Amino acid sequence: MRDPLSVVTDAFTSFLFGKVETTRLPVRTSTGQAQAVYLPTAAPGLGDSGVIIGREVYSGKGYIYDPFQLYGQQLPAPHWLVLGESGNGKSALEKTYVLRQLRFRDRQVVVLDAQGEDGVGEWNLVAQELGITPIRLDPMAALDHGIRLNPLDPSITTTGQLALLRTIIEVAMGHGLDERSGFALKVAHAYVNESVVERQPVLSDIVERLRHPEPESAEAMNVDIDDVRAWGLDVALVLDRLVDGDLRGMFDGPTTVGIDLDAPLIVFDLSHIDRNSIAMPILMAIVGVWLEHTWIRPDRKKRIFLVEEAWHIINSPFVAQLFQRLLKFGRRLGLSFVAVVHHLSDVVDGAAAKEAAAILKMASTRTIYAQKADEARATGRVLGLPRWAVEIIPTLTPGIAVWDVNGNVQVVKHLVTETERPLVFTDRAMTQSSADLADDALRAAEREAEERAAAFVEQHVGDSEPTVA
């Protein structure tokens, strides 16, 4: 009950000024009619210049991404991290991205292809489509005049050669070189570079000089020659593995002539290397330094360096430090580093956690495909993803991913064209039936027969002049 004074006051106020409050009757309507009141909104995109990726799931807008276009405006660094379990579309995304980037004339791509299918790397079909022959690093093939990359190639600076030799040895030994071993390596390398002038110096020259150091190297430091020999023994044993061990043939000779570093796409096929052996990080180190000194040049080209199974890099402290330097250096020369990893825990909980954190920090773009709930939560903590994004990661279907471009987080469906589809999907062994495989073989035989018939006609008829009746 209201008190009498309030009732009298309200009545007097209404008499003087009119009714103060109005009463609105409730309105019953449908969502179809009421949607005009709440206009649809969508997060802003990344612009309209660059490579088409697909569609933003919630708005249906086209999603366009290009680190070279966004760098300096929306991106502090052009590097990119791609995460997700197998079978969710990581490889398809990377292959279509490369194919679409190469439509720009000032683009060039290097791929470290660590996965294989049908005896070749999974990028083999893409390379064939572009008329590129992959650089297949295979210890068995190297013994029979296969591909060689020389760590002492003259195109690599003297400082770069010594840094590469140290990295190879530290990766193989699992710890850093002490001062004495480092001194023995330095004097052996300096002597080889000075004395071998009629040909490319090779690793066997370094091994020989470590085993038989020059007296001058000992005299310079006022130590005994036997001490210098002892200091370099472990180094010589490690390098001997590349010369006469299980990795022989790939790095113990002059660089193979004919490797085209000006091709739009360069594919290093590492599929014949055991991914869990020490050989893989050693290979990564050699290829990384070799590219740094022979490929990245101030010629205004925009370069993409894509590494499949990149945890082999980030999980080794010495290789991670090497690539960390490469990323800092390459940013000034237009290099975008793309690392493809299955699980973030593979690297953040590994031996190179500090180096991995530094590399992850450089990646301003992060694309996350479906992961299990616990892995998604761990990924969200490390990358600083919003809660809603972490919650939907386990529910994502193949081809859909969460994109975080320097804090602009969206859910994107990757679109593959019919032309790209046969080039990018690498699970044929699991998805094709025996009948499909037989059909493919039949179509291949038919194409071969047609090509032979066309060649026969061209040879016997094509050069003759037409007859006028």
Side-chain angles (χ1 to χ4, degrees), residues 110 112 148-173 175-210 213-214 216-218 220-221 228 231-232 234-236 238-240 242-243 250-256 259 261 268 281-299 303 305 313 316-335 337 352 355 358-359 362:
V110 162
L112 298 192
R148 280 185 172 87
L149 296 179
N150 185 13
L152 302 178
D153 193 309
S155 61
I156 303 177
T157 64
T158 302
T159 303
Q161 292 176 9
L162 184 58
L164 176 54
L165 290 173
R166 287 186 65 100
T167 301
I168 293 171
I169 295 162
E170 289 172 340
V171 169
M173 297 176 67
H175 59 78
L177 278 181
D178 58 38
E179 293 298 328
R180 295 180 176 183
S181 296
F183 172 77
L185 176 63
K186 184 179 73 172
V187 297
H189 175 252
Y191 181 84
V192 167
N193 269 346
E194 292 173 2
S195 60
V196 180
V197 293
E198 70 281 359
R199 57 175 173 81
Q200 281 191 17
V202 293
L203 286 180
S204 56
D205 298 325
I206 301 289
V207 173
E208 180 65 20
R209 195 50 50 201
L210 286 167
E214 288 296 309
E216 292 82 0
S217 63
M221 294 297 292
V228 178
W231 297 345
D234 288 343
V235 176
V238 171
L239 292 180
D240 185 67
L242 301 179
V243 174
M250 292 187 292
F251 311 108
D252 58 347
T255 299
T256 301
I259 296 177
L261 292 180
F268 287 91
I282 289 177
L283 275 169
M284 294 289 188
I286 291 176
V287 171
V289 172
W290 192 75
L291 287 174
E292 177 184 349
H293 291 271
T294 59
W295 179 57
I296 302 176
R297 303 186 292 272
D299 55 6
R303 290 181 164 89
F305 186 19
I313 288 177
S316 169
F318 307 106
V319 183
Q321 290 170 9
L322 187 156
F323 273 79
Q324 187 179 347
R325 186 184 77 247
L326 176 64
L327 267 60
K328 290 180 179 178
F329 174 76
R331 187 166 59 178
R332 300 196 303 271
L333 297 177
L335 174 69
F337 176 68
E355 292 80 4
I359 291 178
M362 292 183 187

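Because the structure is a prediction, the values reported are computed rather than measured. We use all heavy atoms of the structure for the numbers below, so side chains are in, but hydrogens, waters and symmetry mates are not.
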Fill in the blank from the handout: CD1 of Ile359 to CD of Gln324, rounded to nearest 0.5 Å, is 6.0 Å

Exercise for the section: Apply side chain to side chain contact (heavy atoms under 4.5 Å, CB included) to Val171 and Met284, showing your working. Expected result: CA-CA 10 Å; Val171 169; Met284 294 289 188; over 6 Å; no

Practice task
For residues Val238 and Ala172, report the shortest heavy-atom separation together with the two atoms involved.
Solution key: CG1-CB, 3.5 Å

Handout entry: Side chain to side chain, Val196 and Val202, heavy atoms closer than 4.5 Å
Key = no

Completion exercise
Taken to the nearest 0.5 Å, the spacing of Glu179 CD from Trp231 CH2 works out to 10.5 Å

Exercise for the section: Determine, stepwise, if the pair Leu162 / Thr158 fulfils side chain to side chain contact (heavy atoms under 4.5 Å, CB included). Expected result: CA-CA 6 Å; Leu162 184 58; Thr158 302; 5.9 Å; no

Handout entry: Test item: Val287 and Trp295 side chains (from C-beta on) under 4.5 Å apart, heavy atoms
Key = no

Handout entry: Residues, nucleotides or ligands: over 12 heavy atoms within 6.0 Å of Glu216 CD
Key = yes

Exercise for the section: Measure the spacing between CG of Leu152 and CG of Asp252 and express it to the nearest 0.5 Å. Expected result: 11.0 Å

Handout entry: Nearest-0.5 Å distance, CG of residue Leu165 to CD of residue Glu170
Key = 11.0 Å

Handout entry: 4.5 Å side-chain heavy-atom contact, Arg199 and Asp205
Key = yes

Practice task
Supply the atom-to-atom distance Thr159 OG1 to Leu164 CG, rounded to the nearest 0.5 angstrom.
Solution key: 12.5 Å

Problem - Minimum side-chain heavy-atom gap Phe251-Ile168 below 4.5 Å - result: no

Exercise for the section: Report yes if some heavy atom in the side chain of Ile156 is under 4.5 Å from a heavy atom in the side chain of Pro151; otherwise report no. Expected result: no

Handout entry: Euclidean distance, Leu210 CG relative to His189 NE2, rounded to 0.5 Å
Key = 11.0 Å

Exercise for the section: Give the ring-plane orientation class for Phe323 versus Phe305, where under 30° counts as parallel, over 60° as perpendicular and anything between as tilted. Expected result: parallel

Fill in the blank from the handout: Closest non-hydrogen contact found for Val235 with Leu177 is CG2-CD2, 4.0 Å

Completion exercise
Looking only at heavy atoms, the pair that brings Pro201 and Val192 closest together is CB-CG1, 3.7 Å

Exercise for the section: Would you please name every residue forming a side-chain contact (heavy atoms from CB on, under 4.5 Å) with Gln200, sequence neighbours left out? Expected result: Asn150, Asp153, Pro154, Pro254, Thr255

Problem - For Ser181, all residues meeting side-chain hydrogen bond (donor to acceptor under 3.5 Å, both in side chains), sequence neighbours excluded - result: Asp178

